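What follows is one structure encoded as structure tokens, with my remarks underneath.
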There are 2 protein chains.
Amino acid sequence: MRMRCALIALLMGVANSAAAQVNPEDAIHYRQSQFSVILWNWMPLNGMVRGRIPFDAKEFAKRAERVASVAPQLLEGFPAGSDSGAETSAKKDIWADFADFTAKMKTFEQASAKLATTARAGDEAAIKAQFAVVGDACKACHDKYKAE
Amino acid sequence: MRMRCALIALLMGVANSAAAQVNPEDAIHYRQSQFSVILWNWMPLNGMVRGRIPFDAKEFAKRAERVASVAPQLLEGFPAGSDSGAETSAKKDIWADFADFTAKMKTFEQASAKLATTARAGDEAAIKAQFAVVGDACKACHDKYKAE
């Protein structure tokens, strides 16, 4: 509802200058949205890698590309001060060592970019191996920075 | 919480075969996430066009590109049966005339792609004109298919 009202206000041109500012609640909502988009695309990749759905190289490449495209957009969802303001599973440790968090995000970014490249090349074994590398990058960050 | 659990299950490799299937709730959550990502990027564009924040051609192009990138990913968030299953402002009219809804989505897709191209070219007046075209494409679809 809040987002819908904001969009209507923007389209009507009546949003005030605060519209250009980032508040913690919006940042939290943004990053959760991006993670949901990643998950939406990751699920069929996971299904293909584990043999639960038929491997489709073109479909795999398309979704791997989308994950790789979102990856570099995640960090802006974690501005200082966004450790609270809405329900979030992001631990405060993120902002206590933002350099390490950033490094882990970059690892994910690079791994997912390589998955997209590998997927386009079409070697199924190489794709599955790189898929595991991306999964490890996800897990490394979640283990340290995501609350249960 | 649900999404987090799903992700953990996927990463652990214990998700069952249902993980590859789409249920209405997931589709609704996915499309709302994508619209939120669009809004996140649209807000600064709006601020620049309306002179509330300084016009930054590079920043504009980056965010216009992101909107254009999400646009072709929206339709898959509206599978048959996803008119209910979670709170949604999508009207049932969408599925009553899916061809028209699809056409409106394509109009948005093309308009946002042109905005990204125009933004890269850097002509501020042309950018602002195309920004209005994209806004009209949003509004045309919302007016008909989005509940108040």
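For clarity, every value in this text was computed on a predicted model and none was experimentally measured. Within every chain, numbering begins at 1; the chains are lettered A, B, ... in the order of the sequence lines, protein sequences first and strands thereafter.
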Pick one of side chain, backbone, both or neither for A27(A), based on which atoms fall under 4.5 Å of a heavy atom in chain B. both

Would the number of heavy atoms belonging to other residues, nucleotides or ligands and lying under 6.0 Å from NZ of K106(A) be above 12? no

Should V134(A) and F101(A) be regarded as members of a common hydrophobic cluster, given that ILVMFWY residues are connected when their side-chain heavy atoms come within less than 4.5 Å of each other, either directly or indirectly? yes

Can you name the closest pair of heavy atoms from H29(A) and S36(B) and give their distance? NE2-OG, 3.0 Å

Looking only at heavy atoms, the pair that brings V22(B) and W40(A) closest together is CG1-CH2, 3.8 Å

If you count every heavy atom of other residues, nucleotides or ligands that lies below 6.0 Å from K128(B) atom NZ, does the total exceed 12? yes

Are L75(A) and V67(A) in one and the same hydrophobic cluster, where Ile, Leu, Val, Met, Phe, Trp and Tyr link if side-chain heavy atoms are under 4.5 Å apart? yes

With the 4.5 Å side-chain cut-off for hydrophobic clustering, are L74(B) and L115(B) part of the same group? yes

Could you grab the distance from atom CD of Q73(A) to atom NZ of K62(B), nearest 0.5 Å is fine? 8.5 Å

Go through the atoms of R63(B) and report whether side chain, backbone, both or neither lie under 4.5 Å from a heavy atom of chain A. side chain

